[in-house]
Number of protein chains: 2
Amino acid sequence: MNKDAGRPAKRLSSHERRSLILDAAATVFFEQGYSATSMDAIIERVGGSKRNIYNEFGSKEGLFTAIVSEAAESALRALTAEEIGGRNLRETLTEFAQKLIEIYMSPKLIGVYRVTMAEAFRFPDLAKAFYDRGPGRTALRLAEVLEDAKQRGEIEIDDCRIVADHFTGMLRDNIHLRVVLGLQPPLTVDEKKKVVDSAVAIFLDGILTQPKRPQ
Amino acid sequence: MNKDAGRPAKRLSSHERRSLILDAAATVFFEQGYSATSMDAIIERVGGSKRNIYNEFGSKEGLFTAIVSEAAESALRALTAEEIGGRNLRETLTEFAQKLIEIYMSPKLIGVYRVTMAEAFRFPDLAKAFYDRGPGRTALRLAEVLEDAKQRGEIEIDDCRIVADHFTGMLRDNIHLRVVLGLQPPLTVDEKKKVVDSAVAIFLDGILTQPKRPQ
DNA sequence: CCAGCGTGGTACGTTGCGTTACCATAACCT
DNA sequence: AGGTTATGGTAACGCAACGTACCACGCTGG
């Protein structure tokens, strides 16, 4: 009667084992890509038998989709959970940008980013899920913030969606690309701060010396 | 004695055959990725014998690097060759952005982008070459333009490099990401123009209603 | 203490792929 | 025209990898 309660006790709990497998597999998948990663390589890292993986995830595809979904969700949790409650627009954007660059520069999300992009044709559902929960959701939320400010007359823009995309793009610029390509180590705290401040300043004020024509 | 003059004539010129192989292989590599692409699949597209590929490129790696290098160079040629000679800063930036978005949205460069990112660990030299000749070179050139404007007092910014990165990031934002992920068809001419104008306007003027404090 | 089952490790069947080799054929040069 | 040479097609050779099977071991539970 003890087995009826879901899962019987094991040497390592099923959840622990699953978590270990996911971590090890994520490392290999994110480094080598989907096709170049072998199940043997994963087992070599995590130990145990291949039977474990196949019992838990069914196939290589199942393992891969589980990894990407889980990693994406865990990395993006910070953004969706917390509310953006700055006092004024500049502070709100700064806070927003700080969270965003923190997430985009995290090794885990960089792995998700690379592998999702690489396998977008093979796993279109995964690509859509990643975009919708990540960059898409972010941009939508930001667009709402901008819309509010627009209603209050603080800013004057046309299409909030496009402008929100632009702002997130500034945080995912060449620096991010260099990190993703492995040409540069992840940013230090100071560097992140500098990028955030610079992006916010340009986004709000532009770069022209002369103020905008009041017209 | 006729062979001494480099290459003897063939049914298809060596250059033509090489070009055909490169095109077919690029299509498959850019869709499937490096590891998932088989030489048989390439041969199936281009016809002929595998011997042709191995005589010309030596190996799968050789073919891949040749493809990426060639595709990147051909896609980026438009940007490096022509000079950016707008009359004022706004026109210069607009022209710059138009060329840039045209290149970044081209199917060929999207393929290079995806595959370079995916295989950055396996082919770090390729990643560096792509970045240096593409986004890196672009940002450097733009930074020079900004530096000139800064010297003339037209703009006030701190680090031209970072600001240039920001601008290029605005052109490679979520819209670009959606296209790369296959979630959206390539942009129409009108959409591109809208994005370019929006990015330039924000970059120069910011989004605040009030003009910057003259101080 | 003993039965039962999940687990670790290894080995296997099959498939696909990179690379090379072999032959028939069609084009080029003298 | 005839020989040479490159090309097309097929096949073969290792090798690696997905997924499965087998077997010994140690933990669960009475």
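First the proteins, then the strands, lettered A, B, ... as listed; each starts at 1. The basis for the numbers below is simple: all heavy atoms, side chains too, and nothing from hydrogens, waters or symmetry mates.
A donor and an acceptor atom sit less than 3.5 Å apart, one in the side chain of B:Lys50 and one in the base of C:dT19.
Sorted by first and then second residue, the side chain to side chain donor-acceptor pair (under 3.5 Å) pairs involving residues 108-125 of chain A (not counting sequence neighbours) are A:Ser35-A:Arg122, A:Ser74-A:Lys108, A:Glu119-A:Arg122.
The distance from atom CZ of B:Phe64 to atom P of C:dT19 is 14 Å, rounded to the nearest whole Å. Remark: C1' of D:dG19 and CD of A:Glu61 are 14 Å apart, rounded to the nearest angstrom. Atoms NZ (B:Lys60) and P (C:dT20) sit 14 Å apart, rounded to a whole Å. C:dT19 atom C1' lies 16 Å from atom CZ of B:Phe57, rounded to whole Å. Distance CZ (B:Arg17) to C1' (C:dA27): 13 Å, rounded to an integer number of Å. Rounded to whole Å, the distance from CD on A:Glu56 to C1' on C:dG6 is 13 Å. Look at CG on B:Leu63: it is 10 Å from P on C:dT19, rounded to the nearest Å.
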What do the steps show when you test B:Glu16 against B:Ser19 for side-chain hydrogen bond (donor to acceptor under 3.5 Å, both in side chains), and what is the final call?
CA-CA 5 Å; B:Glu16 269 206 0; B:Ser19 187; over 6 Å; no
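For residues 23-46 of chain A, proximity to DNA chain C is found at no residue, defined as any non-hydrogen atom under 4.0 angstrom from a strand atom.
Proximity of B:Asn52 to the phosphate of D:dG8: a side-chain N or O atom is located under 4.0 Å from OP1 or OP2. Listed pair B:Asn55 / D:dA6 fails the phosphate criterion, with no side-chain N or O lying under 4.0 Å from OP1 or OP2. Distances shown here put every side-chain N or O of A:Arg51 at or beyond 4.0 Å from the OP1 or OP2 atom of D:dC18.
Note that the CE atom of A:Met170 and the CG atom of A:Leu100 stand 12.5 Å from one another [nearest 0.5 Å].
With sequence neighbours excluded, no residue forms a side chain to side chain donor-acceptor pair (under 3.5 Å) with B:Lys150.
Within a 6.0 Å sphere centred on NZ of B:Lys192, other residues, nucleotides and ligands contribute more than 12 heavy atoms. Under a cut-off of 6.0 angstrom, the local environment of CD in A:Glu44 is sparse, with at most 12 non-hydrogen atoms contributed by other residues, nucleotides or ligands.
Along DNA chain D, the nucleotide closest to B:Gly47 and the one closest to A:Ser49 are compared, and the more 5′ of them pairs with B:Gly47.
Aromatic rings of A:Phe123 and A:Tyr34 (six-membered ring for Trp) have centroids within the 6.0 Å cut-off, being under it.
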